[in-house]
Amino acid sequence: MKFIASHIKVSSLNAKVLIVFKWQKESQEKVILDEIKFLENERMLVEYNNNKKYEFFENPLEIKQELIKKSLNLIENYLSGGYINLYDEFKKMNIEIPLREKFPSSFSYKVIQSLLKIKYGESTSYSYLGDAIGSRAYRAIGNILRKNPFPLIIPCHRVLRKNGQIGGFMGSRKNLWKIELKNHLIQIEQSNTKLKEKKGER
DNA sequence: AAGCGCGGCGCGA
DNA sequence: TCGCGCCGCGCTT
């Protein structure tokens with residue numbers, strides 16, 4: 001198994017994004033997304049990568065390099081305000097998002113399946129997701145989402161608390177920059193959605 | 001057994 | 001109207 005990682009800077013947020021792909025050595029086409037990870041700064045990125053021992057673009061085949069570039073661009077565009085449905089785009093590019101592997105229990109799988117139905121610009125709540133799968137284990141749902149290895153792609157940021165509070169993001173309720181990031185994503189999507197509606201009215 | 005990105009309730013500022 | 005503590009909830013570690 002080979003890992004390829006790259007990172008982009010989110011200028012408006014002063015954060016780093018680490019994106020990790022992998023593939024079978026002999027496999028020609030199939031590229032698997034392994035994780036997307038937001039780091040607060042350069043130091044955190046280096047530290048994280050040292051632990052994981054990812055290889056940065058070591059001899060990528062041509063086609064995969066293209067794929068990687070393209071997906072980095074997509075994420076960059078999305079983060080800087082593009083109206084982009086990342087899940088669909090990744091699917092189109094034939095990048096596998098290994099949901100079963102990352103969410104092995106039937107509960108966790110159901111949770112993210114119903115979360116994936118929440119579209120760009122929409123929001124939901126932990127309790128709504130629970131209702132959708134017939135569970136009142138609202139805390140358990142947060143428990144699943146906090147370990148989401150694919151933020152942005154699996155849209156955790158669209159899940160708010162039922163009372164309107166923003167709730168947690170990327171594993172934390174208290175970490176300010178994570179909460180700000182969640183807020184930022186919500187703002188981007190909302191303003192884009194409004195823009196789209198305006199255009200549609202004409 | 002402990003710990004949760006929650007929700008609902010009740011309380012006291 | 002908050003913020004907090006408490007309990008119930010059910011899943012993960």
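Below, read A as the first sequence line, B as the second, and so on, with proteins coming before strands; counting in each chain starts at 1. From a predicted model like this one, the values you see are computed outputs, not experimental measurements.
Remark: P of B:dG3 and NZ of A:Lys147 are 15 Å apart, rounded to the nearest angstrom. Atom CZ in A:Phe169 sits about 14 Å away from atom P in B:dC6, given to the nearest Å.
Under a 3.5 Å cut-off, the side chain of A:Lys102 and the backbone N or O of A:Asn148 do not form any donor-acceptor pair. A:Lys182 contributes a side-chain N or O that, together with a main-chain N or O of A:Ile166, makes up a donor-acceptor pair within less than 3.5 Å.
With respect to the salt-bridge test (charged N to carboxylate O, under 4.0 angstrom), the residues A:Lys70 and A:Glu66 do not qualify. A:Lys22 and A:Glu101 are joined by a salt bridge, as a carboxylate oxygen and a charged side-chain nitrogen come within less than 4.0 angstrom of each other. Between A:Asp88 and A:Lys119 there is no salt bridge, since none of the side-chain N atoms of the basic residue sits less than 4.0 Å from a carboxylate O of the acidic one. Ion pairing between a basic and an acidic side chain is recognised when a charged N comes within 4.0 Å of a carboxylate O; A:Arg158 and A:Glu122 show no such pairing.
Taking the ring centre of A:Tyr109 as origin, the terminal cationic atom of A:Arg100 falls inside the region bounded by 6.0 Å and 45° from the ring axis.
Close approach of DNA chain C to chain A, defined as any atom under 4.0 Å from a non-hydrogen atom of the protein, starts and stops at C:dG8 to C:dT13.
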Give every pair of a protein N or O atom and an N or O atom of nucleotides 10-13 of chain B that lie under 3.5 Å apart, one pair per line with the distance.
none

Between the protein and nucleotides 7-9 of chain B, list every N/O to N/O distance that falls short of 3.5 Å.
from  : atom 1 : to       : atom 2 : distance (Å)
B:dG7 : OP1    : A:Lys162 : N      : 2.9
B:dG7 : OP2    : A:Arg161 : NE     : 3.1
B:dG7 : OP2    : A:Lys162 : N      : 3.3
B:dG8 : OP1    : A:Lys162 : NZ     : 2.7

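A:Leu39 places none of its side-chain heavy atoms less than 4.5 Å from the side chain of A:Asn49.
Counting non-hydrogen atoms of other residues, nucleotides and ligands closer than 6.0 Å to OH of A:Tyr128 gives a total of 12 or fewer.
In summary, the side chains of A:Tyr78 and A:Glu189 do present a donor paired with an acceptor at a separation below 3.5 Å, with no hydrogens or angles considered.
At a threshold of 4.0 angstrom between heavy atoms, the contacts of A:Ile144 are confined to the sugar-phosphate backbone, with no base atom among them. When heavy atoms are screened at a 4.0 angstrom cut-off, A:Ala137 is found touching the sugar-phosphate backbone but no base atom.
Under the Watson-Crick or G-U wobble criterion, with both distances below 3.5 Å, B:dA2 is paired with C:dT12.
Residues A:Tyr138 and A:Ile144 do not share a hydrophobic cluster, clusters being chains of Ile/Leu/Val/Met/Phe/Trp/Tyr side chains in contact below 4.5 Å.
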